[in-house]
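We name chains A, B, ... by the order of the sequence lines, and we start the count at 1 in each one.
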There are 4 protein chains.
Amino acid sequence: MHTPTPSLPPEAPRRARRKEARPGELIEAALALFVEKGFAATRVEEVAARAGVSKGTLFLYFPSKEDLFKAVVRDTVAGRFPEWADELAEFQGDSVELVRYAMHTWWERVGMTPASGITKLVMAEASTFPEIASFYQNEVVAPGHDLIRRILQRGIDRGEFREMPLDYAVYSLIAPMIFLLMWKHAMTPCAPPSQQIDPLTFIDTQVDLILSGMLKRNQ
Amino acid sequence: MHTPTPSLPPEAPRRARRKEARPGELIEAALALFVEKGFAATRVEEVAARAGVSKGTLFLYFPSKEDLFKAVVRDTVAGRFPEWADELAEFQGDSVELVRYAMHTWWERVGMTPASGITKLVMAEASTFPEIASFYQNEVVAPGHDLIRRILQRGIDRGEFREMPLDYAVYSLIAPMIFLLMWKHAMTPCAPPSQQIDPLTFIDTQVDLILSGMLKRNQ
Amino acid sequence: MHTPTPSLPPEAPRRARRKEARPGELIEAALALFVEKGFAATRVEEVAARAGVSKGTLFLYFPSKEDLFKAVVRDTVAGRFPEWADELAEFQGDSVELVRYAMHTWWERVGMTPASGITKLVMAEASTFPEIASFYQNEVVAPGHDLIRRILQRGIDRGEFREMPLDYAVYSLIAPMIFLLMWKHAMTPCAPPSQQIDPLTFIDTQVDLILSGMLKRNQ
Amino acid sequence: MHTPTPSLPPEAPRRARRKEARPGELIEAALALFVEKGFAATRVEEVAARAGVSKGTLFLYFPSKEDLFKAVVRDTVAGRFPEWADELAEFQGDSVELVRYAMHTWWERVGMTPASGITKLVMAEASTFPEIASFYQNEVVAPGHDLIRRILQRGIDRGEFREMPLDYAVYSLIAPMIFLLMWKHAMTPCAPPSQQIDPLTFIDTQVDLILSGMLKRNQ
DNA sequence: CATGAATGAGACTTCATTCAT
DNA sequence: TATGAATGAAGTCTCATTCAT
């Protein structure tokens, strides 16, 4: 599935890589370029060059640029939720800690990695590729929504959080994440230093505020 | 702002000479199409057709597609902040109401109008048009940031909100707005009914939660 | 016919010019621009602007850009030969002087005036406008050829010049003229000072040499 | 020089890969068309078709139509002067013969070949491409001027020609050549038989006359 | 007559995709 | 399997020409 960014033996010369690695490397290259320049403004030749192969080779693995795009989304997004769900189900500790842990984990495993670009990408190209947007809906949005909902429900069940309309409360946690990704990929390169956002400070501040609003009054 | 399509005589003359109205109509058409399909996927001929003119006429008013895009951003975004700033400075009432009023006003004047697409557009094309992204930073992001900061400061000064790190607290209000716009333009068309967000409910829920986190404990 | 370059009452304001002057002014403007930039690279709007009228007005007088071109050539070239022929027929003095006189006259009346550009123009566009080239052949080349031939014949008849194959000898005088015009219009703007040609020195030098070759040996 | 169209197998494969040969073939095709129709009136697609490739292939080798034009001039004109200079430096025989030899050689190697069109082309497009005109000045005009000057100087040094102002005397030989090229490319196709110029007769006649003017009187 | 806004055919150029090697 | 030269559809932009005012 998704090729983790590092972990290629660095001594392996580019030309000698195994054939099996090709699709992953192409996808990795495409992800970076699509995120950076958008789908239309990225030339397949650039993707191929960045992956160290020729233009023709790319078409050996992906029938078209659009298919490459779909593969990028599918592959990068691919099922990390089950694993997370387990992790969170087994979490010991109060729900405030759980929320903090979840957000930090998200940042470390998604937000700060190249995979984070996928969200920006999907948002930017959603109307051009409705199929992809739907896929993202099903594979990322819905599971993510569920995961967070379960976390909040846990807090309510344990008497830590007050009752709240969960359908919308989950967006209190999703919105900062989405915002952070969009900011990181779209505005950071153009923002003056005074407008730069430090991700961890941002996350902690948002989570503190949100939690403080969610906690039962008498705490 | 641009002139809304004026009452065209229904008999629609073929080659009407309407120099004053053209730029606004072209910008309006371009905004809709750019938001819907992205900058690259929109053909200038489509924009012209939607504005009811020929391809050549577009280039009479905008030297290039890129200039048209810049004009769209500039025109749609153009200086609404001074007016808002005044309005908010004169606001009578407590800061909770002010925050609610500000968010509702934003939704009515930006969020629910076609202008909302600008944000999505800028985010999507930021790396292709750094100049535009910078412009947006300066003309929209920075003033918006200031406006919200002033609102929160007012609440603190009046003893309604507790002390908080304002630089990041403002994002508690910005993030839901940005999120809502991205969602509206990117995911809504592809989301199943169960995942649809009702904007006003969303805003109210977020604001309630955030405010409840910002209020002084002893309230 | 051909509007002589100066001689417009300078006090006449541009806007108040008589309508009858328009075609001549357009032709004058077109000649200058066609010579400077070539037919294709000259925009009719530029011609109109230089003549102080609008684009539409130009098409009131000339049905098309091509017709304007033809008018430029026809009008600028128009019959000056009869007059010259008379002048030269009445010339008193030896044929060496006559040749010198003819060449100097040509320079003053054609070579140094804007009309000189017409030759460059016709040569440059001959293959695109064969009809124009033919016209130029008939109206300029053939009469010019005849005129020079008559001059040389006179020298032979009077025993000043030796016998020579006239058909080709005339080119000994034509070639320097054509060369000078091409040089002036094509290379002068790009040539370093060391390669600049002073027209009168050039003419005198060429004529001296040619005459010295034409004169009877025993002189 | 460019590679003359090599013996193509008559079965003409559709998508032959002939990277080495393409630029030369495109330049050859472009030379012919530019000379025939002018730069602006020649469509790149025509050039490509004449070279037997598709439009896209042309842009594989030349970034723009303008670059193609520059390449045509550069390639066709490219350094033939050193070779000629040597040849003339080693010439045995009197200077009259040398001048005749030089002129005939020029005709055979330039005047009668497609390369002759370059001069017409440069003259016609000089103001549109000042850079090209400058290049031509430096690469062709100046060296040609020098070469002829050296020939005349040789004649003077050997006591064959009389003293003369060399700066302008060289034009006595250059002017007929330029004239001949312009005539050939511009007027010949449109001239009636009676006005056709036979190049060799023309050259011989001009050279005879010029030499006869240059020779020492007592010869 | 004059204007200049509007038109649309046409040209250059790009780049995803194909395919001979 | 890999390459990269070749293709051609598609898109931006220009500008001669038209025509409502």
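Distance, Y61(D) OH to dT14(E) P: 16 Å, rounded to whole Å. Here dC1(E) presents its P atom at 15 Å from CG of L58(C), a figure rounded to the nearest Å. Spacing between atom CD of E46(C) and atom P of dA16(F) amounts to 9 Å, rounded to whole angstrom units. At whole-Å resolution of the value, CG in L26(B) and P in dA5(E) are 14 Å apart. In this entry the distance linking CD of E66(D) with P of dC12(E) reads 12 Å, nearest Å. With rounding to whole Å, L60(A) atom CG is found 9 Å from dT3(F) atom P. Atom CD in E25(D) sits about 15 Å away from atom P in dA5(F), given to the nearest Å. For F69(C) and dC15(F), the CZ to P distance is 18 Å, given to the nearest whole Å.
The side chain to side chain donor-acceptor pair (under 3.5 Å) check on E46(B) picks up K37(B), with sequence neighbours excluded.
Between S54(D) and the phosphate of dA6(F), there is no side-chain N or O to OP1/OP2 separation shorter than 4.0 Å. Within the 4.0 Å cut-off from OP1 or OP2 of dA6(E), at least one side-chain nitrogen or oxygen of R22(B) is found.
Within residues 36-45 of chain D, the residues that place at least one heavy atom under 4.0 Å from DNA chain E are, in residue-number order, T42(D), R43(D), V44(D).
Listed nucleotides: dT13(E), dT7(E), dA5(E). Nearest to the side chain of R17(B): dA5(E).
Contacts of K65(C) with the nucleic acid, taken as non-hydrogen atoms under 4.0 Å apart, involve only primed sugar atoms and P, OP1 or OP2. Counting any heavy atom pair closer than 4.0 Å across all strands shown, K19(D) reaches sugar-phosphate atoms only and no base atom.
In terms of polar N and O atoms assigned as donor or acceptor, the side chain of K55(D) comes within less than 3.5 Å of the base of dT13(E) in a complementary pairing.
Looking at K120(D) and S127(C), their side chains do bring a donor and an acceptor atom within 3.5 Å of each other.
A salt bridge links R18(B) with E25(B): the closest approach of a Lys/Arg side-chain nitrogen to an acidic carboxylate oxygen falls below 4.0 angstrom.
Interatomic distance, CD of E125(D) versus CD1 of I132(D), reported as 10.0 Å (0.5 Å rounding).
Comparing F59(D) and G56(A) against DNA chain E, the residue whose closest nucleotide sits nearer the 5' end is F59(D).
Listed by first residue number, the stems of DNA chain F with at least three Watson-Crick or G-U pairs below 3.5 Å are E:2-21 with F:2-21.
Exactly one residue among F69(A), F135(A), Y136(A) makes a ring pair (Phe, Tyr, Trp, His ring centres under 6.0 Å) with F129(A). That residue is F69(A).
Nucleotides dC1(E) and dT21(F) place their P atoms 22 Å apart, quoted to the nearest Å.
At distances below 3.5 Å, not a single donor-acceptor pair connects side-chain atoms of T57(B) with backbone N or O atoms of V53(B).
Counting heavy atoms from C-beta on, the side chains of Y61(B) and L68(B) never come closer than 4.5 Å.
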